[in-house]
**Q** 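I have a structure I would like to understand better, so I am pasting it below and will then ask my questions one at a time.
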There are 2 protein chains.
Amino acid sequence: MARARLTRELIVEAAATLLTESTDDITLAQLGEVLGVDPTAFYRHFRDKDALMRAVSDRILSAVTVDLPPPASDWRATVVEICRRLRAAHVGNPRLAELVRSGPPLNRNEFDLTERLLVELRAAGLKPKAATMAYHALIELTVGSAAIDAALAAEPPDARRQTYERWRSAYRLLDPAEYPTSVRLAGQLYQGDAEQRFQFALDCLLDGIAGHVPGSARST
Amino acid sequence: MARARLTRELIVEAAATLLTESTDDITLAQLGEVLGVDPTAFYRHFRDKDALMRAVSDRILSAVTVDLPPPASDWRATVVEICRRLRAAHVGNPRLAELVRSGPPLNRNEFDLTERLLVELRAAGLKPKAATMAYHALIELTVGSAAIDAALAAEPPDARRQTYERWRSAYRLLDPAEYPTSVRLAGQLYQGDAEQRFQFALDCLLDGIAGHVPGSARST
DNA sequence: ACCTGAACACCGTTCAAGT
DNA sequence: ACCTGAACACCGTTCAAGT
């Protein structure tokens with residue numbers, strides 16, 4: 001109805017909105033409807049759906065590196081903050097992780113994010129080789145964790161709690177003779193929310209990474 | 001041609017083969033062709049495609065827990081071995097991680113895997129709460145890492161090396177004024193293969209987890 | 001009891017025709 | 001220069017009809 005001129009900008013914005021509103025894949029038909037335009041009009045602005053999705057991913061990653069504390073003030077806190085934001089961006093957009101899988105987006109915001117992580121890891125005292133290995137480790141945990149948790153995160157909180165409870169009872173109801181430890185620890189599985197579990201994992205990983213700083217207690 | 005009676009077993013086997021042979025999604029038409037049967041015949045044996053995929057995932061996870069060293073002999077080595085196998089299973093079957101995202105498979109082999117990991121983490125000296133948190137951390141890193149690396153792992157080794165080199169030069173060619181650290185460390189990014197990078201991440205994570213054992217140097 | 005084949009609703013994408 | 005609308009190839013799934 002309120003037809004405006006179709007631009008890449010408008011398409012990306014509409015796609016990003018659709019993406020956050022649902023777990024499902026975006027459809028070009030949906031996109032056309034939202035924009036009040038023929039479903040195929042979009043081919044005048046993007047090569048194909050994949051190109052659109054990459055543009056959307058750039059837009060979503062733009063939130064990750066804004067307004068961070070000054071470089072090297074507290075490397076660990078900054079790394080945690082970046083990873084939290086990166087995870088949130090992916091969790092809020094379930095379909096995004098699929099794109100990252102096929103390779104780094106190699107766009108503006110992704111370069112900013114990489115630079116900043118590498119700066120902090122170097123500031124922590126890691127040597128070049130260890131810094132890049134730590135960078136990869138952080139990305140794999142963060143993006144991987146988001147990919148796993150995204151589907152459930154899209155559901156409302158109590159549906160989520162119900163699902164966790166369902167999974168817990170699946171373990172609780174196993175044969176105690178065959179699965180004694182699972183049965184005993186069933187109540188502890190999937191405790192808290194996925195974000196807290198990620199924080200624990202990230203803390204452990206950073207403890208281990210800190211051990212690679214020359215002169216640290218654990219370094220070889 | 002060599003028509004045999006169609007069974008769930010035969011369908012799952014054919015699907016697993018197709019899945020390992022390609023990065024693409026399986027098609028019911030493909031499946032019908034391989035089995036020498038009408039594409040829709042499969043609905044006599046499975047509710048829908050999703051049910052088939054879950055059965056396939058069980059089959060693939062069956063390799064993870066076979067022939068492990070006896071419980072609690074060397075918890076860290078056993079955990080590493082389980083995670084390596086779990087990652088390999090997922091990396092070899094790119095479409096699998098998508099299923100795990102929507103929830104744990106809750107089938108035989110997945111229960112075995114969970115039980116074994118929890119047993120080892122308890123044997124390491126972790127308290128129940130810490131053991132389950134560590135379990136989640138290990139799964140998120142392992143499965144997440146596999147999801148990220150799977151697409152590229154499907155390509156032949158030299159294509160993979162070329163891709164890594166292309167990514168490295170993307171960083172190398174950035175503006176050194178804006179991205180000094182990325183440019184300087186570009187040559188170190190994506191070094192070795194994905195498996196080695198995963199091993200580094202897993203080692204760091206396990207270092208951090210070991211710090212949660214009561215009485216360890218790092219425990220609070 | 002199991003399989004076939006036509007049919008359906010829904011994808012992404014192409015392309016000639018409109019303005 | 002940009003959009004429309006018909007068309008195409010391809011999905012998963014249903015269902016009446018065959019054996």
Side-chain angles (χ1 to χ4, degrees), chain A residues 1-57 93-99 101-103 151 154, chain B residues 1-57 93-103 105 151 154:
Chain A
M1 298 296 148
R3 292 281 301 281
R5 222 158 134 24
L6 200 56
T7 61
R8 280 179 66 103
E9 196 65 24
L10 279 174
I11 297 175
V12 170
E13 185 177 317
T17 307
L18 278 175
L19 219 38
T20 14
E21 275 171 1
S22 142
T23 327
D24 293 340
D25 231 334
I26 269 191
T27 275
L28 295 186
Q30 283 179 349
L31 204 56
E33 201 185 359
V34 164
L35 291 165
V37 119
D38 190 272
T40 69
F42 129 102
Y43 283 94
R44 236 40 59 191
H45 302 269
F46 289 93
R47 212 210 138 148
D48 53 20
K49 200 185 170 186
D50 209 68
L52 167 63
M53 297 307 279
R54 257 179 280 123
V56 173
S57 88
N93 298 273
R95 291 283 141 191
L96 216 60
E98 248 170 75
L99 292 170
R101 282 203 311 199
S102 43
Chain B
M1 297 296 147
R3 293 283 299 283
R5 217 148 140 32
L6 200 53
T7 61
R8 281 179 64 103
E9 196 64 26
L10 279 174
I11 296 175
V12 170
E13 185 176 317
T17 307
L18 277 175
L19 218 39
T20 14
E21 274 171 2
S22 145
T23 326
D24 294 340
D25 231 334
I26 269 192
T27 275
L28 295 184
Q30 284 180 348
L31 205 54
E33 202 185 358
V34 164
L35 291 165
V37 119
D38 189 272
T40 68
F42 128 102
Y43 283 95
R44 235 43 56 193
H45 303 269
F46 289 95
R47 211 203 143 172
D48 52 21
K49 199 185 171 187
D50 209 67
L52 167 63
M53 298 307 280
R54 257 177 283 124
V56 173
S57 88
N93 298 273
R95 290 284 142 190
L96 216 59
E98 247 169 75
L99 292 170
V100 178
R101 282 203 312 198
S102 43

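Throughout, protein chains are lettered first and strands after them, A, B, ... in sequence-line order, and every chain is numbered starting at 1.
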**Q** What nucleotide, of D:dT13, D:dT4, C:dT4, holds the atom closest to the side chain of A:Arg44?
**A** D:dT4
**Q** What pair of heavy atoms forms the shortest contact from A:Val56 to A:Ala15, and how long is it?
**A** CG2-CB, 3.8 Å
**Q** Counting only Watson-Crick pairs (N1-N3 plus N6-O4 or O6-N4) and G-U wobbles (N1-O2, O6-N3), all under 3.5 Å, who is the partner of C:dC15?
**A** D:dG5
**Q** When you measure from the side chain of A:Asp48 to the backbone N and O of A:Ala51, does any donor-acceptor pair fall under 3.5 Å?
**A** yes
**Q** Ignoring hydrogens and angles, answer whether the base of D:dG5 and the side-chain atoms of A:Thr40 contain a donor-acceptor pair closer than 3.5 Å.
**A** yes
**Q** As a test of reading the structure: which of C:dT13, D:dG5, D:dG12 is closest to the side chain of A:Asp38, going by heavy atoms?
**A** D:dG5
**Q** Can you tell me the distance, in whole Å, between the CG atom of A:Leu6 and the P atom of D:dC3?
**A** 5 Å
**Q** Measure from CG on B:Asp50 to C1' on D:dC11 and round the result to the nearest Å.
**A** 15 Å
**Q** A:Leu52 near the nucleic acid: base, sugar-phosphate alone, or nothing, with a heavy-atom cut-off under 4.0 Å?
**A** nothing
**Q** Can you see if the side chain of B:His45 gets near the phosphate of C:dC3 - specifically, an N or O under 4.0 Å from OP1 or OP2?
**A** yes
**Q** Starting at CG of B:Leu28 and ending at P of D:dG12, how long is that distance when rounded to a whole Å?
**A** 4 Å
**Q** Quick one: B:Ile26 CD1 to D:dC10 C1', roughly how many Å, whole number?
**A** 16 Å
**Q** About how many Å separate CG of A:Leu18 and CG of A:Asp25, when rounded to the nearest 0.5 Å?
**A** 11.5 Å
**Q** Figure out the CG/P separation between A:Asp24 and C:dC10, and round it to whole Å.
**A** 14 Å
**Q** When you measure from the side chain of A:Ala41, which nucleotide among D:dT13, C:dT13, D:dT4 comes out closest?
**A** D:dT4
**Q** Would you compute the distance between atom NE2 of A:His45 and atom CG of A:Leu6 and round it to the nearest 0.5 angstrom?
**A** 4.0 Å
**Q** Using heavy-atom distances to pick each residue's nearest nucleotide on DNA chain C, tell me which of A:Arg47 and A:Thr27 is more 5'.
**A** A:Thr27
**Q** For the pair made of CG in B:Leu10 and P in C:dC2, what is the distance, rounded to whole Å?
**A** 14 Å
**Q** Is the side chain of B:Thr27 donor-acceptor paired with the backbone N or O of B:Gln30 at a distance under 3.5 Å, no angle test?
**A** no
**Q** Between A:Tyr43 and B:Phe42, which residue's closest nucleotide on DNA chain C lies nearer the 5′ terminus?
**A** B:Phe42
**Q** In whole Å, what is the span from the CG atom of A:Asp48 to the P atom of C:dT14?
**A** 8 Å
**Q** For B:Leu31, answer base if it contacts any base atom (sugar-phosphate contacts may also be present), sugar-phosphate if it contacts only those atoms, and nothing otherwise; contact means non-hydrogen atoms under 4.0 Å.
**A** nothing
**Q** In whole angstrom, what separates B:Leu35's CG from C:dC2's P?
**A** 16 Å
